[in-house]
There are 2 protein chains.
Amino acid sequence: MPRTLKSFALDSVDREIIEVLLHDARISMKDLANKVKLSAPSVSERVERLQERGVIRRFTIEVDPASLGYDLQALVRIKPLPGKLQVVQKLIEDTPEFSECSKVTGNDCFIARLHVFTISQLDQILDRISRSAELNTSIVKAQTIRNRLPPF
Amino acid sequence: MPRTLKSFALDSVDREIIEVLLHDARISMKDLANKVKLSAPSVSERVERLQERGVIRRFTIEVDPASLGYDLQALVRIKPLPGKLQVVQKLIEDTPEFSECSKVTGNDCFIARLHVFTISQLDQILDRISRSAELNTSIVKAQTIRNRLPPF
DNA sequence: GATGAAACGTTCAGAGC
DNA sequence: GCTCTGAACGTTTCATC
C-alpha cells in the first residue's frame, strides 16, 4: 500500500500553502492567509513548521541559465573507469558548469546536467572527464517539464 | 569566443543579489541592501529589473519529495516507438509523478525524472509508457549536486 | 542611487474554541 | 492543539533630491 498523506500530517491547507509558495515565494503572509482563509499568524506558523519538518527545504529563486548566456545544456551519462569512481565524482563536483548530478543504479553511475556557453566549452569539459570515464552525452533541445511537484 | 558577462549587463552587485536570493529568497530588501552595500529602494529596483529581464524566473520554494513520502526517485530514458512521439510526450506530461522532462538529441528522445512512493507504483507507471516506448530506467541512489548555478 | 515619511506587513501576547 | 485579534514593531514604497 502506498504511504498515505495522513502519515505526514500534511492537511489540505498545508498543501494549498505549498502550491502558492511554489509559484510566488515572496507573497506576504497576509495575502497568503487570505488565499487559504486563515489569519496571517496562523499561516506564518504553518510555514515555519513546514520548514522545520523539512518539507520546505528553502526559499529560493529560479534563475534562467539562458538569460546568463548559457545557450547550451546537456545531460551526460557518466560511467567511471574501474577504480576511478571517487576521482570522477570529485571532478564533477569541482566543475561548476554541472548544475545537477544524480548517482544512479544501472550501467551508468552518474547522470549530470551541464550548462555551457559554446560547443567548444562543452568539448573541453567532456575531454577532461573522458580521461577517467566513459561518457554518453545528450544535448537538451527543450525542457518540457521543469521542477513540477508530484501529487501529495 | 564565449559570450562575456558584459553583454548581459549583470554587474557584480546583481550577481551578489542573485547569490543571496538563491539561498534565502525571503530576505527583506533592507537586509539584502545591507549585504550588498546599497539602499533598500535601489536593491528592490534591481530585483524587479532582474525579473523583467527574465534572469530571475520566479521566487519559489524547494520542496523535499522524500518528506512527502516519495522515497523512490528514478531517471528514465525514453525512446518512443516509430510514430509515437506525440503520444509519449503527452503521456509523460499527464503523469504528475514526472517532475522534470528534457527532450534530447541522441538515441533516446526524452530523459525524465520520476518520483514514486513504492516500486510497484514505479512498475505501474513504466508499464503504461512501455506500450509506446522503449525505456531505460535508473534508480537514483543519491543526488550529489542539486540546482547549482554555473559561474556568471 | 539615497533619504525620509507614509503605507503596508509581520510578530507577539493574550484569549478563545 | 490550532486559531484569532489587536497593538507594537519592522519593511516596503514613493516622492524628492
In B/S/- notation (B base, S sugar-phosphate only, - none; protein heavy atoms under 4.0 Å), nucleotides 1-8 of chain C written 5' to 3' is SBBB----
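Every salt bridge (charged side-chain N to carboxylate O under 4.0 Å, His left out) that A:Glu45 has, sequence neighbours left out, goes to A:Arg49. Partners of A:Asp24 by salt bridge (charged side-chain N to carboxylate O under 4.0 Å, His left out), not counting sequence neighbours: none found. For A:Asp127, there are no side chain to side chain donor-acceptor pair (under 3.5 Å) partners at least two apart in sequence or on another chain. Considering only residues two or more places apart in sequence or on other chains, B:Ser39 meets the side chain to side chain donor-acceptor pair (under 3.5 Å) condition with B:Ser42.
Note that the two end axes of the helix from C:dG1-D:dC17 to C:dC17-D:dG1 enclose an angle of 40°, each drawn from 5 base pairs, rounded to 10 degrees.
A salt bridge does not link A:Arg58 to B:Asp64: none of the charged nitrogens lies less than 4.0 Å from a carboxylate oxygen. In summary, B:Asp108 and B:Lys103 do not engage in a salt bridge, as defined by a charged side-chain N under 4.0 Å from a carboxylate O. Between B:Arg113 and B:Glu100 there is a salt bridge, with a side-chain nitrogen of the basic residue lying less than 4.0 Å from a carboxylate oxygen of the acidic one.
Between A:Val13 and B:Met29, the residue anchored nearer the 5' end of DNA chain D, judged by the nucleotide with its closest heavy atom, is A:Val13.
Distance, A:Ile27 CD1 to C:dG9 P: 11 Å, rounded to whole Å. Look at CG on A:Asp24: it is 13 Å from P on C:dG9, rounded to the nearest Å.
For an aromatic pair to be called close, the ring centres must be under 6.0 Å apart, and A:Phe59 with B:Phe59 fails this.
Taking only side-chain nitrogens and oxygens, B:Arg26 comes nearer than 4.0 Å to OP1 or OP2 of C:dT10.
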